[in-house]
There are 2 protein chains.
Amino acid sequence: MSDRRVTLQTVADHVGVSRMTVSNAFSRPDQLSAELRERILAAAEDLGYAGPDPAARALAKGTTGAVGILLTDSLEYAFTDEVAALFLGAIAQELGASGLSLTLLSSSVTTPDVLPARDVPLDAALVYSCEDDSPAIDWLRRRHLPLVYVDQTPVSGITSVNIDDRAGARAAAQHVVDLGHRRIGIVTSNFGVPAGLIDRPADRATGHVGRQRMLGWLEALDAAAIDPVVVSEQLSGEATGRHAAELLLDLPEPPTAVLCFSDAMAYGVVETAIERGLSVPDDLSVVGYDDSPLAARMRPSLTTVRQDVIAKGRAAATELRTAMDRARTGSAGRAKRIRLAADLLVRDSTGPLRHRAAVDGPARTR
Amino acid sequence: MSDRRVTLQTVADHVGVSRMTVSNAFSRPDQLSAELRERILAAAEDLGYAGPDPAARALAKGTTGAVGILLTDSLEYAFTDEVAALFLGAIAQELGASGLSLTLLSSSVTTPDVLPARDVPLDAALVYSCEDDSPAIDWLRRRHLPLVYVDQTPVSGITSVNIDDRAGARAAAQHVVDLGHRRIGIVTSNFGVPAGLIDRPADRATGHVGRQRMLGWLEALDAAAIDPVVVSEQLSGEATGRHAAELLLDLPEPPTAVLCFSDAMAYGVVETAIERGLSVPDDLSVVGYDDSPLAARMRPSLTTVRQDVIAKGRAAATELRTAMDRARTGSAGRAKRIRLAADLLVRDSTGPLRHRAAVDGPARTR
DNA sequence: ATCGGTTACTGTACCGATACAGACGACAGA
DNA sequence: TCTGTCGTCTGTATCGGTACAGTAACCGAT
């Protein structure tokens, strides 16, 4: 008695056909008569055959039906962050329509010898907003998987989808400069340092997006000869926004305008300011980034930089599929560099500089 | 010249060791000398070897490092729905800590012959709030994967994690009854019918959760001899909540209290009521379900039934891991049935029935 | 010198499918 | 009757690893 698992062969023996025919019954219905196929399927059902073993099929066929998405260290970020969720939702929708499943990959090494990016069977992968030098990316590349980079420094040979973050940030900074602000704070994340005020950051952001936005902000501020106060946090949520706000507002000369890396951070800043009795935008102007749903429902509504994350997700999914097609057919299309717009959206959280009675503020004569 | 892909053998030949030793260099560092391991790894690097092929490894080892989660048809729901996202985030966090990756599986058949639940290599799977008779569940079961059911009708032999939804719904209904309401509306989803008013629903909900909540609501209403007006929608978001509210408020005798399947639906109901000039809770009491973040930030804050989705996610992940351990060691632990509490949380969206002067129109005297 | 115990490595036997090139009978056309 | 073609089904050769048992060398203890 075979106590072994039931496999193609088991079914084949039972029906009295070759293993190959059973395989075809499942994967290539056109290769055999409908009648025989029915018989085979029935026998398989009887025997409790679960269909071709996915692992074996993956090995033989070279295809798994799953595409990975590499995320910054914590997986829950994918669901926690409103903007990431919107983006991933769009991807999942596009990909799901092609029958592909989406596998969330953590780029942080968890156990020393388990590396999702190296070990999980995949047909292709998206790299989303990871540190450029992440070892996980190296593994994916070495595997020669069709890849698409999103919110990532473009690399030759790999299609990338980016937002024009630099222009967006520049517009945000220019906006507050135009409103007359001169003491400007920047609240961003992942500039390497633990957390707190940092010196004029050159290129120290660990992420491409953080770097681009910083570049954009500084571009406009430099042009106006303004030296901003920069706070870097570890994460870009509300809590860190609050923390950063405390730091900035405790300064002897607190800023009158704050540029934030995300809407969530901006929310934390606004709330903190309000709790301290300040008025937004009268005492403090705040600009967010992303135009997440939160931005519109805030009170005051948040001036922010809009990016179309849904479009970004759709573009990424589409490009990933063409990359997969290219790999399958062996054709050599060129890698694209897609760049989507980022537009300043002025709402109610920013306003013109109001000269306060306070002593130590820079007394400027408009 | 071997134009072929570089494999273990390629590396082995180059270094002059057996294929097995190269395999060990990657997967069992303790099986060879550090010196040799270094040499092998270096050679692998040189040759551009990408590490053991995941598909082959999965076949040989019987393990992939990925666990699936089966979702109701649309994948984007995982990210779109605030409650689902919270739940999945907790799961991802727990699982990620064990080095496992999470694969989102769509339970709807997309292409005729692509069935994620049947074809994607997986070590185990969670079934989350799917229709009980979904073919995808059958496939997962036939594959003999370690399984955990969440928000799903428990089945013998499979560990399940559920919320005491029936009790929660009963408490919600009892609450409005206690407030004196007699004309009560129910806004739920997925009761099979297209969308609209439905007759007293016996068991027609396609989902376990929908059924349980309906049972709970009816239990309390029956006891009070109240016959509710029931609206069923396709989805459980704000939009459908609005649609349902229109239906209910257009009734000759509109309800004075509405019980909703989700907070998002409740939000839609509240907004619609307010837009129509009604006051919540004076003219209309509304109860939600889930206690999502939305419930607390609504205005008026939403009376709802609280379930701890994070705990649910953690429990599910933990149980899934023990199920995997059981499968690996072959030990035969018993399947558990976990049931978490659901508690009524009274906030500002419900109030005592106010007797109105007007017959059919809400004539209010401010 | 013998022996038990490590450490370091190797050989063989699978894991469970798919690809691709036939084989074979039936049937239409010459 | 012979031949070409089509529709079905089969055999063999991979796909690229890991498990496990075994061997050889080495080392300290008796």
Side-chain angles (χ1 to χ4, degrees), chain A residues 2-13 15-40 43-44 47-65 113-114 118-123 142-144 328, chain B residues 2-13 15-40 44 47-65 113 118-123 142-144 328:
Chain A
S2 92
D3 211 20
R4 306 169 55 117
R5 193 135 70 102
V6 22
T7 121
L8 274 190
Q9 191 67 64
T10 323
V11 179
D13 292 349
V15 183
V17 295
S18 84
R19 181 175 63 205
M20 201 54 234
T21 302
V22 179
S23 171
N24 285 332
F26 280 91
S27 314
R28 294 248 177 107
D30 54 314
Q31 294 294 300
L32 36 63
S33 66
E35 185 269 339
L36 178 55
R37 181 170 132 95
E38 281 314 312
R39 245 175 49 219
I40 292 178
L47 296 166
Y49 178 64
D53 181 275
R57 170 197 276 246
L59 176 57
K61 243 174 119 171
T63 259
T64 68
D113 40 37
V114 177
R118 190 192 54 182
D119 299 333
V120 177
L122 253 26
D123 289 344
R142 242 190 244 144
R143 282 171 69 177
H144 298 294
R328 187 169 339 109
Chain B
S2 89
D3 212 20
R4 305 171 56 114
R5 193 138 68 105
V6 21
T7 117
L8 274 191
Q9 192 66 63
T10 323
V11 180
D13 292 348
V15 182
V17 295
S18 84
R19 181 176 65 206
M20 201 55 236
T21 301
V22 180
S23 171
N24 284 332
F26 280 91
S27 312
R28 293 254 178 99
D30 55 312
Q31 295 294 302
L32 36 60
S33 66
E35 186 268 337
L36 179 55
R37 183 171 132 92
E38 281 314 313
R39 245 176 47 221
I40 291 176
L47 296 166
Y49 179 62
D53 180 275
R57 170 196 273 245
L59 176 58
K61 247 176 121 171
T63 259
T64 67
D113 40 37
R118 188 191 55 180
D119 300 333
V120 177
L122 254 26
D123 289 344
R142 242 190 244 144
R143 282 172 69 176
H144 299 292
R328 188 171 335 109

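Order of the sequence lines fixes the chain letters, A, B, ..., with proteins taken first and strands second; residue numbering starts at 1 for each chain.
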Rounded to whole Å, please give me the gap between [atom1] in [X] and [atom2] in [N].
X       : N      : atom1 : atom2 : result
B/Leu59 : D/dA19 : CG    : P     : 12 Å
A/Met20 : C/dA21 : CE    : C1'   : 12 Å
A/Gln9  : D/dG11 : CD    : P     : 10 Å
A/Leu8  : D/dT14 : CG    : P     : 20 Å
B/Asn24 : D/dG17 : CG    : C1'   : 12 Å
B/Arg28 : D/dG17 : CZ    : C1'   : 13 Å
B/Arg57 : D/dA19 : CZ    : C1'   : 13 Å
A/Tyr49 : C/dG16 : OH    : C1'   : 8 Å

Where the side chain of [X] is concerned, which of [options] is the nearest nucleotide?
X       : options                : result
B/Leu36 : D/dG16, C/dC9, C/dT10  : C/dC9
A/Thr7  : D/dC9, C/dC9, C/dG16   : C/dG16
B/Ala60 : C/dC9, D/dG17, D/dC9   : D/dG17
B/Asp53 : D/dT10, D/dG17, C/dA17 : D/dG17
A/Val17 : D/dC9, C/dG16, D/dT10  : D/dT10
B/Leu32 : D/dG17, C/dC9, D/dG16  : C/dC9

Spatial distance of atom [atom1] ([X]) from atom [atom2] ([Y]) [nearest 0.5 Å]:
X       : Y       : atom1 : atom2 : result
A/Arg5  : A/Tyr49 : CZ    : OH    : 9.0 Å
A/Arg37 : A/Arg39 : CZ    : CZ    : 14.0 Å
B/Ile40 : B/Asn24 : CD1   : CG    : 8.5 Å
A/Arg57 : A/Ser27 : CZ    : OG    : 4.0 Å

Just to confirm, is there a sub-4.0 Å distance from OP1 or OP2 of C/dC9 to any side-chain nitrogen or oxygen of B/Arg19? no
Return no unless some side-chain N or O of A/Ser33 is found under 4.0 Å from OP1 or OP2 of D/dC9. yes
Most 5' of A/Ala56 and A/Lys61 on DNA chain C, judged by nearest nucleotide: A/Ala56
Validation row: A/Val15, A/Val22 side chains within 4.5 angstrom (heavy atoms): no
Residue pair B/Pro52/A/Thr21 against DNA chain D: nearer the 5' end by closest nucleotide is A/Thr21
